[in-house]
Every structure is written in structure tokens, then in C-alpha cells.
Amino acid sequence: MNKKTIIRTLEKIALYMELQGENPFKVGAFRKAAQTLELDPRSLSKMDDILSLKGIGKGTGSVITDLMEKGKSDLLEELEEAVPSGLLPLLKLPGLGGKKIAKLHQELGIDSPESLQAACERGDVSKLAGFGKKTEEKLLKELESFQSIPTHFPIWSIDAIVKMIEQELSNIEEISKYSVAGSYRRRKEFSSDIDFVMAVTDPEKVREKILNALPISEIVAAGDTKVSVKLDMQDPVDVDFRFVTEEQYASTLHHFTGSKEHNVKMRQLAKSLGKKISEYGVEQEDGSVKTFKTEEEFFQHFNLPFIPPTLRKDGTELDRLDEIPSVIQPEDIISDLHMHTTWSDGAHSIQEMVEANRLLGRRYMVITDHSQYLKVANGLTSSRLRKQMEEIRKLQLQYDDIRIFCGTEMDILPDGSLDFDDELLADLDFVIASIHSSFSQPQEKIMERILTAMKNPHVDMIAHPTGRIIGQRPGYEPDVPQLIQWAKEYGKILELNANPFRLDLAEEYLVMAQELDVPIAINTDAHSIEQLNVMPIGVQYGQRAWLKKENVVNTWSVNRFESFLKK
DNA sequence: GCCGTTTTCGGCCCGACTGTTTTCAGTCG
């Protein structure tokens with residue numbers, strides 16, 4: 001049995017135990033064991049002494065050996081017999097946890113969402129100790145819609161809502177500071193809700209103003225320090241607001257940025273020093289609570305460097321502190337190698353894009369309009385591209401603080417050929433090859449197309465290598481490890497497209513590419529001046545893969561970039 | 001269930017909020 005299946009099985013066991021109302025620490029032990037396996041880079045066959053791993057003991061170890069040797073686990077089979085699988089989805093209902101579900105099962109024989117609904121309708125649930133009328137009504141309401149409501153939202157939709165909320169918060173004078181926290185701040189691809197942390201002078205007033213300013217469909221909770229609402233939007237996303245004082249703000253921001261695993265590790269560290277971390281500060285051994293002006297100060301208190309939110313992941317970041325200084329930062333970026341103008345489907349002229357890039361402090365840039373095949377995007381024919389090159393060369397004479405390279409985003413056609421001939425490609429400074437069509441071809445055919453581009457000596461970069469749109473379409477699903485291997489072999493750059501709809505390559509593949517020293521370019525693919533601003537989103541997403549500055553092309557000097565192109 | 005330079009028992013990160021209670025358990029993040 002492979003490692004992934006074993007990890008999933010351990011998690012499943014934890015889930016079933018939870019449904020039995022088991023001791024949370026015992027449940028946690030199985031989750032911990034699963035995580036231990038997941039974080040270990042070795043394959044199962046190379047892990048000879050499983051019991052020596054921290055977090056795996058007699059109980060979890062025997063489950064793992066059972067799975068390896070017999071391909072099944074007696075423990076899981078017993079649990080599956082004792083706990084109806086119809087209870088699993090009930091854990092998704094807000095307000096229901098293992099203990100309550102166990103009680104519903106034991107006392108009322110509930111074994112599925114349907115039987116729970118029936119019991120609520122009969123009024124049986126409210127008669128149970130610990131349950132009441134309100135709980136029953138709430139459950140009924142949740143049950144009606146809970147299959148159809150999405151529970152997590154792609155980063156680009158969260159991005160839009162965050163901006164809307166920030167706009168409202170900036171109008172409230174009683175808020176001195178605010179920040180989005182949670183998984184959006186960590187730049188995860190999906191978030192289940194949005195967290196905001198703010199320093200306020202008058203919590204009650206702020207609470208009222210927020211409730212008035214936002215389109216709210218439901219107030220989930222409204223306490224003194226916390227307001228939780230469901231927004232009345234196309235997708236009913238939950239938003240939490242936490243009010244604290246200015247002094248507490250840095251600690252609160254850290255706390256609500258997470259991740260959960262990061263926080264647990266930090267608290268364990270504090271505890272080993274006789275201190276206690278909460279969202280309000282750090283309690284010292286003498287009971288006094290120390291607060292911090294910034295998150296940097298907070299980390300410093302534990303002799304740690306600032307750990308960017310994007311690196312606060314599974315807790316292992318605390319073991320990789322010496323790598324942090326070399327991880328890419330938004331201010332390291334001095335170029336953008338992929339953007340469009342009015343020549344194809346962009347909204348601004350070449351000169352407008354140049355001016356905007358200068359304002360952003362870019363030292364060099366590449367104009368890469370679409371090629372002729374992409375008619376919907378007004379792709380350039382070879383003669384129009386030659387004209388554009390002339391215009392760019394002329395425009396360059398006006399600027400000595402930015403280099404403007406002539407490029408193209410050339411289509412790789414469905415039949416595997418390239419959209420321009422070699423003669424034209426040779427005259428360009430920079431050639432991007434992309435797939436924009438026939439996504440549903442079999443993987444072999446897709447890979448054939450990509451290989452053509454890889455083998456062409458004039459092609460410098462493969463853009464958005466999988467074509468995915470987060471939460472909407474998977475893309476053309478190439479064999480990415482193979483694609484990365486080819487990039488290594490043929491000396492090509494792979495793109496991390498910074499557009500929040502794409503973020504392509506994805507995190508796990510960026511890790512793979514970096515391991516092979518394949519250069520990565522983080523580009524905006526901007527179709528307007530405004531879209532040039534997505535760069536930090538891409539950089540921060542790259543941080544999640546621990547991308548090193550050195551491996552990111554856009555940090556290279558113009559000379560180094562040019563000599564790479566000449567190779 | 002796991003762990004241990006304060007070890008083989010007694011903790012395991014910490015606090016807010018709700019709904020059910022009449023001082024707190026369960027859930028959530």
C-alpha cells in the first residue's frame with residue numbers, strides 16, 4: 001500500500017474516532033501520525049523504523065504496519081462497523097462536532113443527514129440534554145442547503161471581497177489599524193472564510209458601523225471582541241472581525257494569520273521557555289503580559305527572524321530559519337517578462353505600459369503580445385510583429401532607465417507546430433510559448449506540443465504551464481514533472497503566472513522546479529496597467545514554495561538576463 | 001494515543017462565543 005493511502009487511512013481513523021466522541025487527544029494522535037508521515041520526504045520503503053519517528057507510537061505504528069503488510073487495518077474495519085458512514089458529512093455542519101454527533105447517534109439512532117433532518121422535524125433533537133430549540137432550528141436550516149453551498153473560495157474571489165471590505169473599513173474613524181489575516185494573508189489558493197484584525201478605540205461603535213456598512217445575510221456571532229457574519233453575495237462567504245487594542249494588535253494579527261500548525265509550534269516553543277502565547281500578547285513567567293509593536297518584534301522576543309505569513313505553514317518553517325533570508329521578496333523583483341498592449345488584447349499602449357513599469361521601479365520589461373493564431377485576442381501576424389519591434393526600438397531611445405525588450409507570447413498550435421517561423425523568432429529578444437487551445441487533447445498530444453516548444457532553440461519560456469484557472473478549470477493537465485525535466489534539459493524558463501486566477505505553476509511544482517534548478521520567472525501577464533500590480537501576489541505565492549531569489553529570473557540584472565538569452 | 005535532561009503519569013495551545021445551563025460543555029479557529 002502506498003504512503004498517500006496510509007496517510008488517508010490514518011486520517012479516516014481519526015474521523016471515525018471523532019464521530020464516536022473519542023478523547024480529542026487520541027483523535028489528535030492519529031492526525032499527528034498522518035502528518036508525521038506526510039512531512040517525511042522519504043518513501044515508505046526507506047523508512048525502516050517507523051516507531052522511531054516522533055508522533056508515531058505503538059498504536060499508530062501497528063496500524064501502519066498492518067496497512068503495509070496486509071493492505072488493511074483491523075482498527076479501521078472495527079470503526080467502520082461501529083460508526084455509520086452517513087455520519088461523516090454531519091461533521092461539516094456548523095455547531096456539530098464529534099461529541100454531539102455521537103450523542104445523536106446513540107440516543108436517537110441518527111445515521112445520516114436525512115435521518116437527522118427527520119428527527120429535527122419531529123422535534124426529537126430538542127428533547128436531548130445539551131440540545132435545545134435553537135439548535136434544532138439552526139440544524140434544520142443548515143441541512144436544507146448544506147450540500148449545495150461551497151465551503152471554500154478561490155483566492156481571486158476572496159481578493160475582490162477583501163478589497164471591498166478594506167474600502168469600508170478605511171472609512172471608519174474608530175479603527176486605527178487593520179489587516180486581513182488568515183489563509184488569504186498566507187496566500188493560500190482557497191480560503192474557507194476571511195479574517196480581519198483591527199485596532200479600535202471603541203469596539204461597540206465599530207461593531208455597529210461594520211454591521212451597517214456591509215451586505216450581511218446573517219450575523220453568526222456578535223460579541224465584544226469578535227463579530228462573525230455571512231456576506232450576502234453570490235457565494236455566502238463568512239467574514240470574522242476581531243477587535244483589540246493598539247497594544248495587542250501585533251499579537252492578534254499573528255494569531256489570526258495562523259496557520260494553526262504554526263501557532264501550535266510557536267506556543268509549544270513559548271511554553272518550553274515558561275511563557276504563554278495568546279492573541280493578546282505573551283505572558284511571562286512572572287505573569288505579566290508583554291505586547292509588541294510589530295510582528296517582527298514578536299518573533300524577536302523568541303529570538304526568531306521575521307517569518308513571512310506565506311511561510312507559516314506546517315510548522316516545519318521553524319526548522320528552516322536559515323533559509324528565510326534567501327527567499328524571494330516582492331522588492332527583489334526588477335522586471336516583468338510577460339504583458340500585453342493594445343496591439344493585441346491589452347488595454348494600454350506600449351508607451352503607457354512602459355511608463356507604468358518605470359513607476360513600479362522595473363529596470364527591464366518585455367512586451368509580449370499574442371501571436372496570429374489567437375484571433376479572438378487580435379494576435380499579431382509576423383508583419384505586424386515586425387512593425388511593433390520597430391516601434392519598441394524607437395521608443396527605447398526615449399528611456400535610459402528601463403530596457404524594453406521585444407517579445408511575443410506565441411501560441412503552440414493544436415497540431416504541435418509553432419505560430420511563427422524560426423527566422424522571425426531569431427529576431428526577437430524573448431520568446432514565450434503558450435498553449436491557449438485544444439485543452440482537451442489527450443495528455444500525450446499535449447506533451448508532444450510542449451516538447452516542440454522546448455526543443456526550439458529560440459523559445460525562452462513556457463508561460464502558465466498548465467493553463468489552470470483556480471477553482472474553475474484544471475487546465476490541459478500536462479505531465480508536469482516531465483515538463484519540468486524538459487525545462488531542465490533544454491534550458492528553458494518556467495513561468496509562475498502572478499495573476500490570482502492562475503498562479504501557474506502551482507506550489508508543489510515550483511518546489512520540484514527549484515530542486516532541479518530550473519529558473520522561474522514571476523510575471524503579471526498584465527492586460528492593463530492595473531494588472532501590473534498583481535506581482536506581489538505572485539511573489540508571495542512563490543514564497544509558499546520557498547522560491548529563492550537566486551532562482552527567480554526577474555531578480556537578475558539586465559546583463560545577466562541578456563547573457564542567459566544568448567546562451 | 002504519544003511523550004519524557006523537572007519522565008512512566010499527567011499533560012497535550014489558547015481563548016471566544018453560543019446555547020444550554022445556573023457554572024459550563026462543545027465547537028471553532
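Chain A is the first sequence line, chain B the second, and so forth, proteins listed ahead of strands; every chain is numbered from 1.
- In this structure, Leu37(A) places its CG atom 12 Å from P of dC2(B), rounding to the nearest Å.
- Heavy atoms of Leu53(A) sit under 4.0 angstrom from primed sugar atoms or phosphate atoms, though from no base atom.
- On the P atoms, dC13(B) is 25 Å away from dT18(B), given to the nearest whole Å.
- Arg207(A) has its CZ atom 12 Å from the C1' atom of dC17(B), to the nearest Å.
- A cation-pi contact, defined as under 6.0 Å to the ring centre and within 45° of the axis, links Arg187(A) to Tyr184(A).
- Under 4.0 angstrom from either OP1 or OP2 of dT18(B) there lies no side-chain N or O belonging to Thr135(A).
- The pair Lys12(A)-Glu18(A) fails the salt-bridge criterion, with no side-chain N (NZ, NE, NH1 or NH2) lying under 4.0 Å from an Asp/Glu carboxylate O.
- Nucleotides dT23(B) and dG15(B), compared at atom P, are 24 Å apart to the nearest Å.
- Annotation: dT5(B) and dG1(B) have their P atoms spaced 22 Å apart (nearest Å).
- Counting only heavy atoms from C-beta on, Asp195(A) has its side chain closest to dG29(B) among dG15(B), dG29(B), dT27(B).
- Computed from coordinates, the Arg267(A) CZ to dC13(B) C1' distance equals 5 Å when rounded to whole Å.
- Phosphate proximity of dC13(B) to Lys271(A): absent, as no side-chain N or O sits under 4.0 Å from OP1 or OP2.
- If you take atom C1' in dT7(B) and the same atom in dC2(B), they sit 13 Å apart, rounded to whole Å.
- Leu96(A) places its CG atom 13 Å from the C1' atom of dT18(B), with the value rounded to the nearest Å.
- Contact annotation for Pro24(A): no contact, since no heavy-atom pair falls under 4.0 Å across all strands.
- With the nearest nucleotide of DNA chain B identified for both Gly98(A) and Ala222(A), Ala222(A) has the one nearer the 5' end.
- Annotation: Phe292(A) is not in aromatic contact with His254(A) [ring centroid separation under 6.0 Å not met].
- Atom CD of Glu204(A) has 12 or fewer heavy atoms from other residues, nucleotides or ligands within 6.0 Å.
- Comparing the C1' positions of dC3(B) and dT8(B) gives an interatomic distance of 10 Å, to the nearest angstrom.
- Atom pair Ile219(A):CD1 and dC17(B):C1' shows a separation of 14 Å (rounding to whole Å applied).
- Residue contacts shown for Phe30(A) are limited to sugar-phosphate atoms, with no base heavy atom under 4.0 Å away.
- For Met17(A) and dG1(B), the CE to P distance is 6 Å, given to the nearest whole Å.
- Annotation: cation-pi pair Lys100(A)/Phe131(A) present, NZ/CZ under 6.0 Å from the ring centroid and within 45° of its normal.
- For Asp193(A), the side-chain atoms get nearest to dG29(B) when compared with the rest of dC2(B), dG29(B), dC13(B).
- Of the C1' atoms belonging to dT20(B) and dA25(B), the separation is 9 Å, rounded to the nearest Å.
- Between Thr225(A) and dC17(B), a side-chain N or O to OP1/OP2 separation shorter than 4.0 Å is present.
- Under a cut-off of 6.0 angstrom, the local environment of CD in Glu81(A) is sparse, with at most 12 non-hydrogen atoms contributed by other residues, nucleotides or ligands.
- Residue Lys260(A) is in base contact, counting any heavy-atom pair closer than 4.0 Å across all strands shown.
- Residue-level contact check: Asn23(A) touches the bases, meaning some heavy atom is under 4.0 Å from a base atom.
- In this structure, Lys134(A) reaches the dG19(B) phosphate: one of its side-chain N or O atoms is under 4.0 Å from OP1 or OP2.
- In this structure, Glu283(A) does not pair ionically with Lys275(A), as no charged nitrogen and carboxylate oxygen lie closer than 4.0 Å.
- Using a 4.0 Å heavy-atom distance criterion, Lys265(A) is classed as making no nucleic acid contact.
- Separating the CG atom of Leu91(A) from the C1' atom of dC28(B) is a distance of 13 Å, rounded to the nearest angstrom.
- Remark on DNA chain B: of its neighbouring residues Lys54(A) and Asp240(A), the 5'-side contact belongs to Lys54(A), judged by nearest-heavy-atom nucleotide.
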Would His255(A) and His262(A) satisfy ring-ring contact (aromatic ring centres under 6.0 Å, His included), going step by step from the backbone distance to the final call?
-> CA-CA 9 Å; His255(A) 175 85; His262(A) 170 84; over 10 Å; no
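- Residue contacts for Lys32(A): at a heavy-atom cut-off of 4.0 Å it reaches no nucleic acid atom on any strand shown.
- Note on Lys133(A): only backbone sugar-phosphate atoms sit closer than 4.0 angstrom, heavy atoms only; bases stay farther off.
- Among the nucleotides dG4(B), dT18(B), dC13(B), the one closest to any side-chain atom of Ala221(A) is dT18(B).
- Separating the C1' atom of dG26(B) from that of dT21(B) is a span of 13 Å, rounded to the nearest Å.
- Within 4.0 Å of Leu51(A), counting heavy atoms only, lies no atom of the nucleic acid at all.
- Considering only side-chain N and O atoms, Tyr280(A) lies under 4.0 angstrom from the phosphate OP1 or OP2 of dA16(B).
- When each of dC14(B), dG1(B), dC13(B) is scored by its nearest atom to the side-chain atoms of Gln268(A), the top-ranked nucleotide is dC13(B).
- As the counterpart of dG1(B), dC12(B) is assigned, both hydrogen-bonding distances of the Watson-Crick or G-U wobble pattern falling under 3.5 Å.
- For Leu19(A) and dT27(B), the CG to P distance is 11 Å, given to the nearest whole Å.
- Glycosidic conformation of dT5(B) is anti; the angle lies outside 90° of 0.
- Of the candidates dA16(B), dG26(B), dG29(B), dG26(B) carries the atom nearest the Lys100(A) side chain, counting heavy atoms from C-beta on.
- Taking only side-chain atoms of Thr60(A), from C-beta outward, the nucleotide of dC2(B), dG15(B), dC13(B) with the closest atom is dC2(B).
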